2 protein chains.
Amino acid sequence: MSNKNVGIKDVAFAAGVSVTTVSHVLNDVSYARISPETRDKVKSVAEQLGYGPNRLAQALRTQRTGMLGLVSEDIATTPHAGRIILGADEAARARGYNLMIINTSGNASPESREADVEALLERRVDGILYATMYHRHIQVPSNLGGVPAVLVDAVSTGGSVTAVVPDEEGGARAAVGCLLAAGHTRIGFLNNTDDVPATRDRLRGFRATLTEAGLDGGAAPVESEPSEVQGGYEAARRILARPGRPTGLFCYNDRMAMGAYRAAAELGLSIPGDLSVVGFDDQELIAANLHPGLTTVALPHYEMGAWATQNLIDAIEGKADLGLMALRPTVLDCPVVVRDSVAAPPL
Amino acid sequence: MSNKNVGIKDVAFAAGVSVTTVSHVLNDVSYARISPETRDKVKSVAEQLGYGPNRLAQALRTQRTGMLGLVSEDIATTPHAGRIILGADEAARARGYNLMIINTSGNASPESREADVEALLERRVDGILYATMYHRHIQVPSNLGGVPAVLVDAVSTGGSVTAVVPDEEGGARAAVGCLLAAGHTRIGFLNNTDDVPATRDRLRGFRATLTEAGLDGGAAPVESEPSEVQGGYEAARRILARPGRPTGLFCYNDRMAMGAYRAAAELGLSIPGDLSVVGFDDQELIAANLHPGLTTVALPHYEMGAWATQNLIDAIEGKADLGLMALRPTVLDCPVVVRDSVAAPPL
DNA sequence: GTTCTTGTTGCTCAACGGTCTCCCACGTCC
DNA sequence: GGACGTGGGAGACCGTTGAGCAACAAGAAC
């Protein structure tokens, strides 16, 4: 079935030709002039010997490994990393590349991060994907400069590395738009307390969308808590206790929305009858399994992984210029995933 | 900071010695007799040139890549794959190896699976980890035989490949034991309908533990549904409607437990006051975020990944014999993770 | 004093398994 | 009988490793 220890010279010997010829035939070298008979002979012999090229040797000679390094943070703690990996893997395979993955911790030291990149460099990967587990600004390892590189879900503080991030503000706009379209006018936002791009951008999108709809975005109720279930619960309790209680809630993420569900249940508010809720992140385990299903905004992790990989490969193959792209991070859409948590406001 | 294109011969030239000497010094070759001065010279030159070995060339020469292939199913759909990857990555790095990851679909064709393994083989990985996304019996790709291999969360139908799987029955015993210890005597099981090892083994553990506790395990109530939230809900509705309603529920997984929570809420049963619930899988997103927190049984994905990797490396390095280990799959513990969903039964 | 040993220290050279740039041999055609 | 077309081979090279050898100095034997 497979290679093993048969090399190109075994094929050459068995076919009665030189290794050069075998190489030319198997690689379809354009300038090689070889008779059809010889070609067939070589191919069939290679096939039946189960010859498979030794990519190491190829790489050594051609200075191309066909491998992409992916350093990802906290692979196991969120499903996000998995989606990035999947997007990257599929895009890579489609173009004949493979992925070498290295896991790093969100709070790893700069030295350890450099060591991670170094390991990839020693293996002579053709390019590096550097992914964080949530959208943020990072200081890239200094040795990342050696090969083409793309940041996924992160932007470099120096701004000198090509990056792809989600359109946080656009996602927030879509979420609020969803509530607006259902007829809500009293809309609140359960925000995160961390000072990260998502916090700021989603808030901006929230207010702007309301304002553009003729409401007073600046005065719209916002409650902030740590972005976990408990925080969502507490923020929801507070926001729902306000006079002129909101009928629609936009939540920073699905976990906070989960907390809001509980708060609503405790207050005897039914979703979506009395209260409409929109989340963010589309963590399937939560969003799809809550009752009713949570309408939320999806983060394009798969797409970011794929986009980064495609452009990285383009750069490697000289079809694109990462330097140019590094000027502005590329922003990818956050589409709304409609489930059952939004309805018209109560009369 | 780093290598790039500086090779061993650049170091040799700069240090005024031969490449052999550099190689010997840098690899601490035991039988090489080289003066301390020369050693220092070489090391410092290498350091300041930012020399890093070319692992490709090393691998070509030594026939050892220091890379492990990991083919995993559906990386993005469950967090499980992430934990396996993490366990494998950490174990691999601890021993100087790196991981090449290939994603495959749970329902990929045998040909495509062989192609995945083939890709790994072409890159001359030293060994292969083959992981599935849930415990099951599989037909391993026929070309897997070429290198040392270990199955993770799966056993080969032929039984000829070393494998590591969770102790399903033990986990079920622990879960039921937990309920028993809290004083429950009327305990029900919400089982899965799929015919997989987990379904059978957990049921066996459930009944056996009850019987051993002096209860009638054979007659204990069991309701089966697809292992999703909705299935859990329905099975719970049925089991809670039975005469002599159970006060403790063991659920096939956390998703079904989530459904049970809803059923309980609808019936006005409070958890854990009126009903105690134990899940399985420890999907943090669910288990930790449900209210009250779900006591559940953890699947040792991280541990399986690490175990598989350590033993694979041992085999590669000749310190272990996979053939021997293949006789019986290794079974790893499923520990109970205690949260707040179990209490004494109502009076 | 010359030739042997014996130790030191480091170098030479052939792999590893490919790719790729010349180069060659042999027709054939005017 | 030179130019050209056709089919294919030789051999250097990619960056390392490792077995074996070479060079040299110091002490021993004659």
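Computed from a predicted model, the values in this text were never measured in an experiment.
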_Atom-to-atom span, NZ of A:K9 to C1' of C:dG17 - whole angstrom_ = 6 Å
*Residue B:H24, side-chain atoms from C-beta onward, closest of D:dT16, C:dC16, D:dG18*: D:dG18
*OP1, OP2 of C:dT19 versus side-chain N and O of A:N27: anything below 4.0 Å?*
yes
Ignoring hydrogens and angles, write down the donor-acceptor pairs under 3.5 Å from the side chains of residues 78-88 of chain A, residues two or more places apart or on other chains.
unit_1 : atom_1 : unit_2 : atom_2 : d
A:T78  : OG1    : A:H80  : N      : 3.1

*Under 4.0 Å between a side-chain N or O of A:S23 and OP1 or OP2 of C:dT19?*
yes
_Heavy-atom count check: over 12 atoms from other residues, nucleotides or ligands less than 6.0 Å from A:Y134 OH?_
no
*With no angle test and no hydrogens, is the base of D:dT16 tied to the side chain of B:T62 by a donor-acceptor pair under 3.5 Å?*
no
_Is A:Q58 close enough to D:dC14 that one of its side-chain N or O atoms is under 4.0 Å from OP1 or OP2 there?_
no
*Starting at CZ of B:R124 and ending at P of C:dC16, how long is that distance when rounded to a whole Å?*
13 Å
*C:dT19 P sits how many Å from B:L56 CG, rounded?*
14 Å
*May I have the distance from A:R64 (atom CZ) to C:dG17 (atom P), rounded to whole angstrom?*
24 Å
_In whole Å, I'd like the distance from the CG atom of A:N54 to the P atom of C:dG18._
5 Å
_Can you tell me which nucleotide in C:dG17, C:dT19, D:dG9 comes closest to the side chain of A:S18?_
D:dG9
*To the nearest Å, give me how far apart CG (B:L60) and C1' (D:dG18) are.*
14 Å
_Partner of A:L312 by side-chain contact (heavy atoms from CB on, under 4.5 Å), out of A:T309, A:D314, A:I316_ = A:I316
*Can you check whether B:R64's main-chain N or O pairs, donor with acceptor, with B:D126's side chain at less than 3.5 Å?*
no
*Output yes when at least one side-chain N/O atom of A:Q63 is less than 4.0 Å from OP1 or OP2 of C:dT19, else no.*
no
_Short side-chain N/O contact to C:dT8 OP1/OP2 from B:Y31, under 4.0 Å_ = no
_Let's see if you can work this out: which of D:dG8, C:dG17, D:dG15 has an atom nearest to the side-chain heavy atoms of B:A57?_
D:dG15
*Selection from C:dG10, D:dC13, D:dT6 that lies nearest to any side-chain heavy atom of B:T21*: C:dG10
_Pick the closest DNA chain C nucleotide for A:I8 and for B:I34 by heavy atoms, then say which residue is nearer the 5' end._
B:I34
*Within the modelled atom types, does a donor on one side and an acceptor on the other bring the side chain of A:T20 and the base of D:dG11 under 3.5 Å apart?*
yes
_Distance check needed: C:dG27 P versus A:R33 CZ, whole Å only._
16 Å
*asked:* Whether the side chain of B:S35 engages the backbone of B:T38 through a donor-acceptor N/O pair (distance < 3.5 Å, no angle test) should be reported.
replied: yes
_Any side-chain N or O of A:S35 below 4.0 angstrom from OP1/OP2 of D:dT6?_
no
*How long is the line joining CD of A:E37 and C1' of D:dG8, in whole Å?*
13 Å
*Under 4.0 angstrom, heavy atoms only, what part of the nucleic acid is B:V17 near: base, sugar-phosphate, or nothing?*
sugar-phosphate
*May I ask you to say whether A:R136 pairs ionically with A:E73, meaning some side-chain N is under 4.0 Å from a carboxylate O?*
yes
